[in-house]
Amino acid sequence: MKVFKFGGASVKDADGVKNLIKVLNETGNNNKLIVVSAMGKTTNALEVVVKDYLESAKVPDSLEIVKDYHRNIIEGLFHSDQAPVWFRIETLFTELENFLEHNKSTQYDFVYDQIVSYGELISTTIVSEYLNFQNIPTNWLDARDLIKTDNTYRDAQVDWNSTQERIQATVDPKKLNIIQGFIASDPNNFTTTLGREGSDYSAAIMAYCLNAENVTIWKDVPGVLNADPRFFSKAQLLNKISYEEAIELAFYGASVIHPKTLQPLQRKEIPLFVRSFLNPSEEGTAVSKGKTIHPEIPCFIVKKDQVLISLSSLDFSFMVEENISEIFRLFHQYQMKVDLIQNSAISFRVCVDNRFNHLEDLIQHLKARFKVSYKTGVSLYTIRHFSQQAIDELEKDKNVLLKQLTQNTVQLVTEN
């Protein structure tokens with residue numbers, strides 16, 4: 001069995017869904033499991049619904065924007081307003097509204113997962129119904145029945161034993177299976193999510209549990225590039241990458257592959273391909289066991305809107321293991337992702353990602369034990385396989401706040 005993952009950009013409108021069929025026709029329809037993300041920017045739109053709902057405690061008007069967006073896609077795909085897809089989609093919206101009307105929880109992360117997950121449920125329903133409409137039978141699956149996690153909402157951890165048992169008992173390898181990315185469920189069957197961009201991870205989970213032949217992630221780019229073309233000019237395609245190198249790139253923030261996607265694939269040496277849904281005949285990038293990277297060129301990564309925190313002890317004593325362990329305990333408590341560390345005898349500097357917006361609480365807690373200063377809105381640049389020319393070009397016209405070099409990697413924190 002092969003696993004295909006289609007992101008939101010690939011199914012952002014009716015033409016995108018039709019193009020998905022083109023990809024399947026070129027690659028074959030049988031013995032596949034298709035993982036589909038929410039359509040277009042639906043996750044962002046549902047995040048607005050979450051915000052409005054928690055402020056008003058009622059069904060927000062912003063939900064109508066989500067409804068209209070998906071209704072327009074359906075109208076572009078189906079000839080009749082009597083098609084079964086209309087009933088299935090309206091049923092999902094009714095379920096969501098029932099949650100909004102009867103929910104008693106004000107815990108943001110819990111509410112977030114229950115609401116935002118409908119993006120994937122709706123997208124897979126539309127895609128499945130359209131494939132059926134085009135005489136391509138599908139086996140629609142609910143990821144919440146198959147992928148089981150703990151109750152760490154918005155960043156759930158997979159229960160691999162239970163998940164593998166469920167997937168192997170449910171997925172029919174002879175059919176064209178379709179399932180949601182990003183979503184799962186906890187022991188109490190409440191919906192959980194696997195973190196932003198978690199649909200790639202969902203594909204890897206399914207592939208691992210099914211011992212898949214390979215995984216293909218279909219993107220709107222030719223494959224894995226050595227730089228994000230939105231921020232760097234003259235980005236080049238990387239034809240081959242080893243698992244280890246891809247994990248390094250993902251760890252430092254490369255946006256094409258989710259950081260958690262590669263570990264389960266590497267354990268079973270399942271090849272990963274990143275290809276363009278716009279040009280499905282092109283080979284794209286292969287991630288597998290073997291050569292580190294080809295061609296061997298510098299790879300540039302940037303993470304915007306980071307926070308640079310500087311700490312020192314109140315009495316100018318050394319920043320020893322006890323202090324550092326306390327700092328990391330607080331980072332874990334406040335869900336801060338640490339991207340860069342630099343320490344000396346009496347100071348400790350760290351660049352973190354404030355993705356859960358807990359910075360102010362963290363700073364107040366740190367001030368009880370340390371001298372603290374911090375700067376928000378900084379950028380973290382990473383160059384893998386750097387050259388001096390690459391560093392010089394990157395530093396040009398930038399105010400560098402922190403710089404760190406290792407054998408294969410240089411990282412810079414800048415104000416712009």
Side-chain angles (χ1 to χ4, degrees), residues 44 47 195-197 225-236 248-259 297-314 316 319 323-324 327-328 330-416:
N44 293 341
E47 287 175 344
R196 285 302 300 265
E197 309 302 330
L225 305 177
N226 76 319
D228 189 329
R230 295 174 298 175
F231 304 111
F232 301 93
S233 61
K234 301 178 181 178
Q236 295 178 245
E248 290 281 1
L249 291 172
F251 172 80
Y252 288 114
S255 60
V256 175
I257 304 174
H258 189 277
I297 54 177
C299 296
F300 300 85
I301 302 162
V302 60
K303 298 183 74 172
K304 300 284 189 177
D305 298 319
Q306 305 296 288
V307 183
L308 181 62
I309 303 174
S310 299
L311 305 170
S312 60
S313 59
L314 293 171
F316 291 98
M319 294 291 287
N323 292 330
I324 294 173
I327 292 167
F328 274 94
L330 293 173
F331 287 154
H332 176 73
Q333 177 180 334
Y334 290 105
Q335 297 176 287
M336 293 287 175
K337 184 180 184 302
V338 176
D339 292 317
L340 177 62
I341 301 167
Q342 190 176 85
N343 67 291
S344 67
I346 60 173
S347 68
F348 185 90
R349 304 179 78 191
V350 58
C351 186
V352 300
D353 187 345
N354 182 32
R355 57 180 174 172
F356 292 104
N357 298 315
H358 295 157
L359 178 63
E360 294 303 322
D361 291 336
L362 169 67
I363 294 300
Q364 291 305 313
H365 208 144
L366 286 169
K367 284 183 175 178
R369 290 197 55 177
F370 306 97
K371 291 181 180 179
V372 182
S373 64
Y374 66 97
K375 192 173 189 64
T376 60
V378 301
S379 297
L380 173 62
Y381 289 91
T382 302
I383 312 176
R384 288 280 294 170
H385 311 290
F386 62 88
S387 64
Q388 188 57 51
Q389 179 183 354
I391 296 174
D392 293 342
E393 289 179 358
L394 187 59
E395 288 184 339
K396 187 178 179 181
D397 301 324
K398 291 183 176 65
N399 181 20
V400 178
L401 304 173
L402 187 153
K403 182 175 180 179
Q404 186 165 280
L405 284 83
T406 61
Q407 183 177 0
N408 292 314
T409 306
V410 61
Q411 291 189 281
L412 308 169
V413 179
T414 73
E415 283 191 300
N416 54 353

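Expressed to the nearest 0.5 Å, how far CG of Leu362 lies from NZ of Lys367 amounts to 11.0 Å. To the nearest 0.5 Å, the span separating CD on Gln335 from CG on Asn354 amounts to 10.5 Å. Considering OH of Tyr374 and CG of Leu308, their distance stands at 12.5 Å, rounded to 0.5 Å. With rounding to the nearest 0.5 angstrom, the OH atom of Tyr381 is 4.5 Å from the NZ atom of Lys398. Atom CD in Gln342 sits 10.5 Å away from atom CZ in Phe348 (nearest 0.5 Å).
For Leu412 against Val400, the heavy-atom pair with the smallest separation is CD2-CG1, 4.3 Å. Residue Ala390 comes nearest to Phe300 through the heavy atom pair CB-CZ, 3.8 Å, listed as atom of the first residue, atom of the second, then distance. Across every non-hydrogen atom of Lys303 and Tyr252, the tightest pair is CD-O, 3.5 Å. Annotation for Val352 and Gln306: closest pair O-OE1, 3.5 Å, computed over non-hydrogen atoms. Residues Thr406 and Phe386 approach most closely at O-CE2, 3.5 Å, considering heavy atoms. In this structure, Gln404 and Ile341 approach most closely via the heavy-atom pair OE1-O, 2.7 Å.
Residues forming a side-chain contact (heavy atoms from CB on, under 4.5 Å) with Lys396 (at least two apart in sequence, or on another chain): none. Residues satisfying the salt bridge (Lys or Arg N to Asp or Glu O under 4.0 Å) criterion with Lys375, sequence neighbours excluded, are Glu415. Not counting sequence neighbours, the partners of Gln411 by the side chain to side chain donor-acceptor pair (under 3.5 Å) test are Thr382. Listed by chain and number, the residues in a side-chain contact (heavy atoms from CB on, under 4.5 Å) with Gln389 are Ser387, Glu393 (sequence neighbours excluded). By the side chain to side chain donor-acceptor pair (under 3.5 Å) test, Arg369 pairs with Asn323, sequence neighbours left out. Every residue two or more places apart in sequence or in another chain that forms a salt bridge (Lys or Arg N to Asp or Glu O under 4.0 Å) with Lys337 is listed here: Asp339. Remark: Ser373 engages Ser310 in a side-chain contact (heavy atoms from CB on, under 4.5 Å) (not counting sequence neighbours). Remark: Thr376 engages no residue in a side chain to side chain donor-acceptor pair (under 3.5 Å) (not counting sequence neighbours). Annotation: side chain to side chain donor-acceptor pair (under 3.5 Å) contacts of Gln364 (sequence neighbours excluded): none. For Asp228, the side-chain contact (heavy atoms from CB on, under 4.5 Å) criterion is met by Arg230, Phe231, Ser255, not counting sequence neighbours. Qualifying salt bridge (Lys or Arg N to Asp or Glu O under 4.0 Å) partners for Lys403, counting only residues two or more places apart in sequence or in other chains: Glu395.
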Assess whether side-chain contact (heavy atoms from CB on, under 4.5 Å) is satisfied between Leu380 and Val413, documenting all intermediate values. CA-CA 5 Å; Leu380 173 62; Val413 179; 3.8 Å; yes
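Note: Phe328 and Phe331 have perpendicular aromatic rings, judged against thresholds of 30 and 60 degrees for the angle between ring planes.
Looking at Ser347 and Met319, their side chains never come closer than 4.5 Å, going by heavy atoms from C-beta outward. Contact of the Leu225 side chain with the Gln236 side chain is not registered, since no non-hydrogen atoms from C-beta on lie closer than 4.5 Å. Cys351 has its side chain out of reach of Leu402: every pair of non-hydrogen atoms, C-beta onward, lies at least 4.5 Å apart. Ile346 places none of its side-chain heavy atoms less than 4.5 Å from the side chain of Ser312. Side-chain atoms of Asn226 and Arg384, non-hydrogen and from C-beta on, never get closer than 4.5 Å to each other. Between Phe232 and Leu394, some side-chain heavy-atom pair lies under the 4.5 Å cut-off.
Within the structure, salt bridge (charged side-chain N to carboxylate O under 4.0 Å, His left out) contacts touching residues 354-366 (residues at least two apart or in different chains) are Asp155-Arg355.
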